[in-house]
2 protein chains.
Amino acid sequence: MSVGHTGVTTSAESGSAGPVIVCETPQDECGVRDVLDRLGDKWSVYVVVELTPGTKRFKELQRAIPGNISQRMLTLTVRRLERDGLVKRTVYPTVPPQVEYELTELGRSLTHLVKALADWSIAHRPAIAASQAAWDAAHTGEGMRG
Amino acid sequence: MSVGHTGVTTSAESGSAGPVIVCETPQDECGVRDVLDRLGDKWSVYVVVELTPGTKRFKELQRAIPGNISQRMLTLTVRRLERDGLVKRTVYPTVPPQVEYELTELGRSLTHLVKALADWSIAHRPAIAASQAAWDAAHTGEGMRG
DNA sequence: CTGTATCCGCTGGGATACTG
DNA sequence: CAGTATCCCAGCGGATACAG
């Protein structure tokens, strides 16, 4: 492999023993996984968010993303995004090297969904937090009251 | 814990050594993780999708979800969803026991976003697949040609 | 600066057996 | 049927060292 032990490709063409999702249903919820796997990547969303305003370099991206993403994960993330056609990577063969990342048309078409997700999250976070608190309160000492 | 080695609570109040996300930014992309963590759960989305038409029992849910979700994961998933206030769980103390799951108001407010995600995924899957194929073709034998 | 290869811990998640 | 507890493994993801 070229990018570490995980590789960039997720499931296809790499191993012949991992169906992952059988895809029985015709088209309804079948493709959701494709996006969610990318969105659930823990970092992909942030890259998309940070790239929404415009082009950013590797280091800029790393600094902009909250949560201290490691070099390794940023590389893996942008590579996957690039492979999916959501991000365009441009290398300037200078010294020191400079690499710029930007959203493609496809990537930009996702930003409004990410925005919607973020809006929903922000709008309902209080409700969710309250629900969690209530749940926790109702379940404290369920199997650990000794 | 009451539900296995993983527990239901994700990060808060359980351990004091896991900040996970520092949340430096005021409110822009900060709350995205909350939703994405839930959506990236690999199964949560499917539960929401399957519950969109209406109430379902545990076993029904398990059968309806593509990819053969295990009992354990379905339990964990619906518990988390319940804790977040997205799903309501109703137990009928019959023999044999019967438990019904349904979306709450909060949960239903998410369905249109999930739908949007699914639509986007379906609409752009060909483009993504093409991009992946192109990327793979351009990167075959990068570090494994020996 | 940008990226790759290696080591390693942690957690998600499957299989299974048991309870009510 | 619904749920819990245990075992166990694969993979994600962090830290680090090294290369162009």
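Protein chains get the first letters and strands the later ones, always in sequence-line order, with residue 1 at the start of each.
- A heavy-atom distance below 4.5 Å is not found between the side chains of B:Glu100 and B:Glu102.
- Looking at every heavy atom in both residues, B:Glu82 comes nearest to A:Ser131 through O-OG, 3.8 Å.
- Between the C1' atom of D:dG13 and the CH2 atom of A:Trp43 lies a distance of 9 Å, rounded to the nearest Å.
- You'll find that the side chain of B:Gln71 is closest to D:dA2, out of C:dT2, D:dA2, D:dG14.
- Ion pairing between A:Asp84 and A:Arg80 fails under the 4.0 Å rule for side-chain N and carboxylate O.
- Atoms OH (A:Tyr101) and P (C:dT2) sit 8 Å apart, rounded to a whole Å.
- Summarising the geometry, the separation between CD on B:Glu100 and C1' on D:dG3 is reported as 17 Å, rounded to the nearest angstrom.
- With D:dG3, C:dG14, D:dA15 as the choices, the nucleotide that has an atom nearest any side-chain atom of A:Arg72 turns out to be D:dA15.
- Between B:Leu39 atom CG and C:dG12 atom P there is a gap of 16 Å when expressed in whole angstrom units.
- Using a 4.0 Å cut-off, some side-chain N or O of A:Lys42 falls inside it from OP1 or OP2 of D:dG14.
- Inter-residue side-chain proximity for B:Tyr92 and B:Thr90 is flagged as met; some heavy-atom pair is nearer than 4.5 Å.
- The side chain of B:Lys56 contributes no N or O atom lying less than 4.0 Å from OP1 or OP2 of D:dA2.
- Nearest to the side chain of A:Arg57, among C:dC1, D:dA2, C:dG3, sits C:dC1.
- Separating the CE atom of A:Met73 from the P atom of C:dG9 is a distance of 19 Å, rounded to the nearest angstrom.
- No side-chain heavy atom of B:Leu61 sits less than 4.5 Å from a side-chain heavy atom of B:Arg63.
- Residues from residues 91-98 of chain A with heavy atoms under 4.0 angstrom of DNA chain D, sorted by number: A:Pro97.
- A straight line from CG of B:Leu74 to P of C:dG13 spans 13 Å, rounded to a whole angstrom.
- Among A:Trp43, A:Phe58, A:Tyr46, the single residue meeting the side-chain contact (heavy atoms from CB on, under 4.5 Å) criterion with A:Leu74 is A:Phe58.
- Contact check on B:Glu60 versus B:Arg57 returns no salt bridge, with no Lys/Arg side-chain nitrogen under 4.0 Å from an Asp/Glu carboxylate oxygen.
- Between A:Arg79 and C:dT4 there is a side-chain polar atom (N or O) within less than 4.0 angstrom of OP1 or OP2.
- Rounded to a whole Å, the CG atom of B:Asp41 is 12 Å from the P atom of C:dG14.
- The separation between B:Ile69 atom CD1 and C:dG14 atom C1' is 11 Å, rounded to whole Å.
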